[in-house]
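Read through the structure below, which is laid out as structure tokens, and then see the notes.
Keep in mind that this is a model prediction, so the values were computed, not measured. For ligands, and for the atoms within them, numbers begin at 1 and follow the listed sequence. Residues: numbered from 1 along the sequence shown.
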Amino acid sequence: MSAELIPVYIMGKKHYVPETATILNAFEYAGYQVIRGCGCRGGFCGACATFYRFKDDYKLHVGLACQKVVEPNMYLTQLPFFPANKSLYDMDALEATAQQIIELYPEMMKCMGCNTCAKVCPQELEPMEYVAAAMRGDIKAAAEKSFDCIMCGLCASRCPGELVQYNIGMLARRLYSRYIAPNAQHLASRVLEIKDGKFNDDLEELKSMPKEKLQKVYEERDIEE
Ligand code: FES
């Protein structure tokens with residue numbers, strides 16, 4: 001049985017789309033080609049941030065277009081890109097301190113503690129909390145609390161303090177992995193093996209394989225526990 005069609009409004013224009021469609025599918029069903037504003041289609045890349053309202057309802061909703069299924073009378077638009085302040089830095093010249101993060105993102109001190117960022121986060125993170133951890137120099141907590149961020153930009157789009165929480169979170173994760181977390185020995189030895197050419201022959205063999213054989217090898221590969 002085919003899905004019922006329901007009305008939604010895309011950029012103000014009414015379209016009928018299958019009730020089972022995600023917002024992204026609805027855009028495409030209506031004839032839009034989504035190039036910017038769509039990536040993994042699996043809820044991981046954060047490219048498909050979307051705003052919507054319902055007819056006669058003041059409340060503004062947000063979501064990921066590849067995950068959220070349409071509902072009747074949604075007024076939809078996408079946020080294909082959000083202009084965000086992003087500092088440039090040399091990771092080797094930084095210190096893992098609150099002062100360092102504040103120097104690169106001084107606007108973080110304007111956080112009003114309104115928690116609007118948490119209300120719009122499709123990952124159910126609490127950006128205000130990881131920004132606060134960064135401010136007090138708890139880089140580990142800031143890195144861990146922001147770990148599931150998909151950089152969709154919705155937090156920054158609603159922040160009255162004009163912070164770009166996701167770039168602050170990314171800096172905290174970089175500082176944590178560069179200066180605080182212990183080095184992964186197995187990774188260091190694997191990098192050495194690669195540099196020493198241990199896998200060169202295998203790589204050449206894979207590169208010369210016909211597609212079907214390559215696919216079979218891929219499907220039958222050993223997966224590390
Ligand atoms: S397309 Fe990647 S999160 Fe939606």
Side-chain angles (χ1 to χ4, degrees), residues 2-55 57 59-87 105 115-131 134 142-159 162-174 176-177 215 218-219 223:
S2 58
E4 291 280 319
L5 297 183
I6 58 170
V8 297
Y9 295 80
I10 300 175
M11 319 294 175
K13 185 174 179 339
K14 190 175 195 178
H15 295 272
Y16 283 88
V17 301
E19 63 180 351
T20 51
T22 61
I23 292 173
L24 199 53
N25 293 147
F27 270 89
E28 289 166 335
Y29 188 88
Y32 288 86
Q33 192 181 9
V34 186
I35 299 170
R36 184 102 200 186
C38 165
C40 67
R41 291 177 182 259
F44 295 109
C45 76
C48 65
T50 294
F51 288 106
Y52 59 94
R53 271 198 166 100
F54 291 98
K55 198 165 166 28
D57 187 356
K59 192 168 169 50
L60 185 63
H61 301 265
V62 298
L64 295 176
C66 71
Q67 301 299 301
K68 175 72 189 157
V69 172
V70 286
E71 293 176 46
N73 295 315
M74 272 178 160
Y75 278 69
L76 297 161
T77 193
Q78 271 202 288
L79 178 72
F81 171 76
F82 188 77
N85 179 31
K86 185 173 177 212
S87 295
Y105 292 106
N115 215 21
T116 307
C117 46
K119 290 180 198 140
V120 295
C121 178
Q123 293 291 87
E124 296 179 2
L125 300 180
E126 298 200 325
M128 189 183 84
E129 293 292 326
Y130 68 67
V131 169
E144 288 174 353
K145 285 174 188 284
S146 66
F147 189 77
D148 287 330
C149 172
I150 55 174
M151 318 283 287
C152 66
L154 285 168
C155 52
S157 77
R158 304 302 307 281
C159 177
E162 301 176 319
L163 279 68
V164 179
Q165 293 87 339
Y166 57 92
N167 281 339
I168 296 169
M170 185 165 66
L171 173 59
R173 295 194 296 284
R174 286 175 170 167
Y176 178 67
S177 55
Q215 192 161 354
Y218 176 77
E219 281 160 6
I223 297 179

Quiz item: Do other residues, nucleotides or ligands put more than 12 heavy atoms under 6.0 Å from F147 CZ?
Solution: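 Open: at most 12 neighbouring heavy atoms sit under 6.0 Å from CZ of F147.
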
Quiz prompt | Contacts of atom 4 (Fe) of ligand 1 with protein N/O/S atoms, counting only those under 2.8 Å | solution =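 Correct list: C48 SG, C66 SG.
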
Quiz item: What orientation do F27 and Y32 show, parallel under 30°, tilted 30 to 60°, or perpendicular over 60°?
Solution: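 Ring orientation of F27 relative to Y32: perpendicular.
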
Quiz item: E144: what forms a side chain to side chain donor-acceptor pair (under 3.5 Å) with it, not counting sequence neighbours?
Solution: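 Checked E144 against side chain to side chain donor-acceptor pair (under 3.5 Å); matches are K140.
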
Practice problem: Would you indicate whether the side-chain heavy atoms of N73 and P7 approach each other to under 4.5 Å? | Solution: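 When only atoms from C-beta onward are counted, N73 and P7 do touch, with a gap below 4.5 Å.
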
Self-check item: Side-chain touch T50/L76, heavy atoms, less than 4.5 angstrom
Solution: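 Result yes, sub-4.5 Å side-chain heavy-atom pair found.
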
Quiz prompt | Salt-bridge contact E28-R41 (side-chain N to carboxylate O under 4.0 Å) | solution =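 A salt bridge is present here (some side-chain N lies under 4.0 Å from a carboxylate O).
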
